Structure formats: C-alpha cells, structure tokens
Peer 1: 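Below is a structure I'd like to ask you about.
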Amino acid sequence: MSLESVIAASHRASRLENELKKVIRGKDDVVRLALVSVLARGHLLIEGVPGVGKTTLAHALARSLGCSFQRVQFTSDMLPSDILGISVYSNTEQKFEFKRGPIFTNILMADEINRTTPKTQSALLEAMNEGQVTVDSHCYPLPQPFLVIATQNPVEHHGTYPLPESQLDRFMMRVHMGYPDAKSEHQILRAEAGAAQLDNLEAVLTGGDVLEMQQLVTQVEVDDSLVAYALEIVRRTRIHEKLTLGVSPRGSQMLYRAAQAMAFLDGRSFCVPEDFKPLAIPVFAHRVAIHGMNSSGMKKSVRAEEVIQEIVDSVPVPV
C-alpha cells in the first residue's frame with residue numbers, strides 16, 4: 001500500500017471528522033473513536049445519561065456517510081422479530097414471504113439497548129458478528145458496510161437490563177459520553193437547534209468509499225514488537241488479581257484492527273505505540289470483570305477502566 005493512497009484517503013476521512021464536529025461539540029475523542037469503529041469494521045456502544053448527544057452522534061454519522069440509517073427504540077416489550085423481521089404468509093403467492101426488519105440497513109441505531117430483555121438483545125449477536133441474520137433456517141446477508149451504534153443508560157437507572165458478556169464482546173468499543181465542558185455547552189446553546197444542524201450536514205463519503213477505506217485499513221503495517229506489546233497487555237488482564245475475567249482473543253483482534261484504523265486516520269501506513277495505548281480502555285474495559293465483593297461483603301469501588309490503565313502503565317512500550 002502506497003503512502004500516497006493512505007494520505008489521500010485519510011484526508012477524506014478528516015473531512016468526515018470535521019463534519020461530525022459541527023454537531024458534536026466538545027467531544028472530539030468520542031468522534032474519533034466512532035470513526036475508528038467504522039473504519040475497523042467494528043460496532044460502537046455509547047454510554048451516558050439521557051440528553052448528552054448519543055443519538056445525535058449516530059444521526060450525524062449516517063448523514064455524513066450518505067448511508068442508509070434505521071433507528072430502533074428498545075423497550076421492555078420488544079421482540080426479536082421487531083428487529084430482524086418476520087415471515088408472513090401471502091395469499092396471492094401461496095407461500096411465506098420474509099418482511100425485513102430495520103436491521104437491514106448500513107447504520108443501525110440501537111437506542112437504549114439495555115432497556116429491552118436479554119432475549120431481544122441477543123437478536124443482534126449473529127448480525128454483529130457475521131453480517132447476516134438467520135430466520136426460519138434461511139440466511140439473509142446484511143447491506144455493507146454494516147455498523148451498529150448502540151446507546152445505553154447507566155445501569156443504575158430504572159428499567160435497565162445489564163448487557164450479557166457475550167453481547168458486550170461483540171462491540172469493538174464502549175465509550176462514555178458525559179456532560180460537555182462549560183465552553184462547549186455555551187456553543188451548543190448559541191448554535192442552532194440540533195435538528196437544524198443535522199439537516200445542514202453534507203454527505204462527504206459514500207458506502208463504497210467506506211468499504212474502500214476499510215480495505216486500506218487492513219493493509220496498515222503492524223510491527224511484531226507492537227503485536228507482542230498488545231498481547232502482553234491482554235495476558236496481564238487474564239492474571240490480574242482484581243479481575244475475574246480477562247480479555248478474550250476477540251478483544252485482541254479488536255485492538256489490533258482499531259490501532260490500524262487509528263494510524264490510518266493520522267495518515268500513516270504503519271502503527272506506533274501511541275495507536276494502541278489510548279485504545280486499550282475503550283476496547284478492553286467492557287470485556288473484563290471486576291471481583292464483585294471484598295472480604296467484608298461490600299461492593300468494590302474499583303472500576304475496570306482504572307485496572308486497564310494500571311496494566312497499560314505497567315507494560316514497557318517497545319522502542
């Protein structure tokens with residue numbers, strides 16, 4: 001892969017990033033991670049209290065990409081067929097016809113995914129992992145590119161169902177979208193309404209452009225020393241005294257692909273340690289499990305993010 005092709009493509013990706021920043025103010029790191037997920041063929045889980053712009057980010061990304069977009073508001077009474085679709089008998093054709101659900105789109109917004117039951121949450125597993133859905137023994141491929149952007153409210157809120165580990169592991173990254181700083185919130189209040197800003201967004205890339213960039217990302221070079229560095233971080237999550245569950249091999253693959261996408265966005269055809277370090281927490285924190293109780297029977301206050309950061313700081317960076 002030539003450096004010129006990477007630079008040219010990364011400039012187009014930078015235009016996309018700038019378009020998103022017009023709407024999502026003060027959250028440049030979240031915007032960057034969202035683009036990393038798109039380019040690395042990953043799915044994104046956004047966590048935060050209501051009203052901080054989680055849904056707006058998904059809408060803005062879809063508009064800027066010029067891809068098809070569907071939003072599903074998850075509720076406690078939702079069924080898997082409400083997402084995948086259902087077979088309906090046709091009197092005229094004298095056979096069952098499959099009516100496709102909202103999952104047949106390029107970007108699926110799974111809003112408040114933890115407000116529905118685990119049975120309905122699991123309807124997304126095959127789609128997120130294999131890019132297809134199976135209904136009545138028939139497999140239906142999904143449009144490409146395919147990206148799930150899910151939002152969830154903090155688990156302390158009423159009416160939420162914690163996502164099972166198998167579901168969390170399908171997301172490339174989990175990011176926290178907190179309150180904006182004072183300057184950014186001032187700009188939000190002075191700017192036009194959010195809907196008007198979305199209407200003014202330009203589609204700077206097509207679905208074909210995204211597929212082309214995803215292919216370029218896979219060709220970004222990763223030195224063996226960086227692979228060993230990433231695997232050492234993973235190994236230490238599996239033996240750390242504060243963790244009962246370490247990072248899976250899928251997590252290792254996700255970090256590898258995300259680091260390639262990070263280098264691509266910076267206009268490089270090779271990875272450096274700085275591509276891996278800031279991604280460790282968003283890629284790994286939702287894949288590990290903290291020891292639930294201490295010797296006194298009290299819930300431990302340590303967070304997964306703190307443990308991952310401690311591990312990253314303890315692993316020597318390759319020269």
Side-chain angles (χ1 to χ4, degrees), residues 16 19-20 23-24 30-31 34-35 37-48 50 53-88 97-136 138-153 163 167 170-175 177 194-195 197-199 201-211 214:
L16 173 60
E19 283 294 308
L20 293 176
V23 177
I24 310 299
V30 176
V31 170
L35 291 182
S37 292
V38 172
L39 296 177
R41 295 189 176 96
H43 307 287
L44 182 66
L45 178 62
I46 309 175
E47 188 176 65
K54 305 186 298 296
T55 305
T56 303
L57 173 60
H59 275 286
L61 186 60
R63 283 184 176 272
S64 299
L65 289 177
C67 294
S68 59
F69 173 79
Q70 291 282 351
R71 175 186 175 183
V72 178
Q73 182 66 49
F74 281 68
T75 57
S76 59
D77 59 348
M78 180 173 284
L79 300 175
S81 58
D82 295 328
I83 303 170
L84 304 180
I86 191 171
S87 295
V88 179
E97 294 182 352
F98 179 61
K99 302 296 183 180
R100 299 182 176 226
I103 200 170
F104 288 89
T105 186
N106 293 124
I107 299 178
L108 177 68
M109 174 68 180
D111 212 0
E112 297 185 308
I113 189 174
N114 60 337
R115 288 199 178 277
T116 194
T117 60
K119 179 179 180 180
T120 304
Q121 293 172 5
S122 64
L124 292 171
L125 288 176
E126 181 185 12
M128 294 172 67
N129 201 46
E130 302 174 29
Q132 66 178 28
V133 297
T134 302
V135 180
D136 297 333
H138 293 283
C139 292
Y140 301 93
L142 296 172
Q144 295 298 323
F146 175 69
L147 170 69
V148 174
I149 302 180
T151 70
Q152 69 171 354
N153 294 327
L163 293 177
Q167 184 79 54
R170 261 61 173 193
F171 288 99
M172 171 171 279
M173 284 184 282
R174 181 185 68 182
V175 299
M177 202 160 182
Q197 294 183 62
L198 285 173
D199 291 338
L201 282 179
E202 298 180 1
V204 297
L205 295 177
T206 65
D209 294 331
V210 174
L211 292 175
Q214 288 176 341

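This chain uses plain numbering: 1 for the first residue, then up along the sequence. Just so it is clear, the values below take in all heavy atoms, side chains as well, and ignore hydrogens, waters and symmetry mates. Please read these numbers as outputs of a predicted model, since none were measured by experiment.
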Peer 1: Return the set of residues passing side-chain hydrogen bond (donor to acceptor under 3.5 Å, both in side chains) with Thr151 (not counting sequence neighbours), or none when no residue passes.
Peer 2: Asp111
Peer 1: Quick one: are Ile24 and Met177 in side-chain contact, heavy atoms under 4.5 Å?
Peer 2: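 Answer yes - side chains close enough.
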Peer 1: If you take all heavy atoms of Leu163 and Phe171, which pair is closest and at what distance?
Peer 2: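 Between these two residues, the closest heavy atoms are CD1-CE1, 4.5 Å.
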Peer 1: In residues 61-70, what donor-acceptor pairs under 3.5 Å come from side-chain atoms, sequence neighbours left out?
Peer 2:
unit_1, atom_1, unit_2, atom_2, d
Arg63, NH2, Asp199, OD1, 3.4
Ser64, OG, Ala60, O, 2.9
Ser68, OG, Thr105, OG1, 3.1
Ser68, OG, Asn106, N, 2.9
Ser68, OG, Asn106, OD1, 2.8

Peer 1: Decide yes or no on side-chain contact (heavy atoms from CB on, under 4.5 Å) for Leu57 and Val30, but give the supporting numbers first.
Peer 2: CA-CA 9 Å; Leu57 173 60; Val30 176; 3.8 Å; yes
Peer 1: For a quick test of reading the model, state the closest non-hydrogen atom pair linking Phe98 to Gly85 and the distance between them.
Peer 2: CE1-C, 3.7 Å
Peer 1: If I take atom OG1 from residue Thr56 and atom CG from residue Leu20, how far apart are they, to the nearest 0.5 angstrom?
Peer 2: 11.5 Å
Peer 1: In chain order, what residues pass the salt bridge (charged side-chain N to carboxylate O under 4.0 Å, His left out) check against Arg100, with sequence neighbours excluded?
Peer 2: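 Testing Arg100 for salt bridge (charged side-chain N to carboxylate O under 4.0 Å, His left out), a comparison that skips the adjacent residues, returns none.
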Peer 1: Does Arg170 have any salt bridge (charged side-chain N to carboxylate O under 4.0 Å, His left out) partners at least two apart in sequence or in another chain, and if so, which?
Peer 2: none
Peer 1: Start with the C-alpha gap between Leu84 and Tyr140, add the side-chain angles, then the distance that decides, and say whether side-chain contact (heavy atoms from CB on, under 4.5 Å) holds.
Peer 2: CA-CA 10 Å; Leu84 304 180; Tyr140 301 93; over 6 Å; no
Peer 1: Applying side-chain hydrogen bond (donor to acceptor under 3.5 Å, both in side chains), name anything that partners Gln73, two or more places apart in sequence or on another chain.
Peer 2: Arg71, Glu112
Peer 1: Show which side-chain atoms of residues 121-128 pair as donor or acceptor with protein atoms under 3.5 Å away, not counting sequence neighbours.
Peer 2:
unit_1, atom_1, unit_2, atom_2, d
Gln121, NE2, Ile113, O, 3.4
Gln121, NE2, Thr116, O, 3.0
Ser122, OG, Pro118, O, 3.4
Ser122, OG, Lys119, O, 2.6
Glu126, OE1, Thr134, N, 3.0
Glu126, OE1, Thr134, OG1, 3.3
Glu126, OE2, Gln132, NE2, 3.1
Glu126, OE2, Thr134, OG1, 2.7

Peer 1: Can you find a pair of side-chain heavy atoms, one from Val210 and one from Leu147, that are under 4.5 Å apart?
Peer 2: no
Peer 1: For Ser87, check side-chain hydrogen bond (donor to acceptor under 3.5 Å, both in side chains) against everything at least two apart and list the hits.
Peer 2: Asp136
Peer 1: State which residues pass ring-ring contact (aromatic ring centres under 6.0 Å, His included) with Phe146; sequence neighbours excluded, sorted by chain then number.
Peer 2: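 ring-ring contact (aromatic ring centres under 6.0 Å, His included) list for Phe146, sorted by chain: His43.
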Peer 1: What pairs with Asp82 under salt bridge (charged side-chain N to carboxylate O under 4.0 Å, His left out), at least two apart in sequence or on another chain?
Peer 2: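 Applying salt bridge (charged side-chain N to carboxylate O under 4.0 Å, His left out) to Asp82 gives none.
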Peer 1: For Thr75, enumerate each residue passing the side-chain hydrogen bond (donor to acceptor under 3.5 Å, both in side chains) test, keeping only those at least two apart in sequence or located in another chain.
Peer 2: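 Result, side-chain hydrogen bond (donor to acceptor under 3.5 Å, both in side chains) vs Thr75: Asp77.
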Peer 1: Is the side chain of Thr120 donor-acceptor paired with the backbone N or O of Met78 at a distance under 3.5 Å, no angle test?
Peer 2: yes
Peer 1: Quick one: CD1 on Ile46 to CD on Gln152, what's the gap to the nearest 0.5 Å?
Peer 2: 10.5 Å
Peer 1: Test of understanding: with salt bridge (charged side-chain N to carboxylate O under 4.0 Å, His left out), list the residues that count as partners of Glu97, not counting sequence neighbours.
Peer 2: Lys99
Peer 1: Excluding sequence neighbours, so at least two apart, what forms side chain to side chain contact (heavy atoms under 4.5 Å, CB included) with Ser76?
Peer 2: Tyr161
Peer 1: When rounded to the nearest 0.5 angstrom, what distance separates CE in Met172 from OG in Ser37?
Peer 2: 6.0 Å
Peer 1: Locate the shortest heavy-atom distance separating Pro102 from Leu108; write the atom from each residue and the value.
Peer 2: O-CD1, 3.7 Å
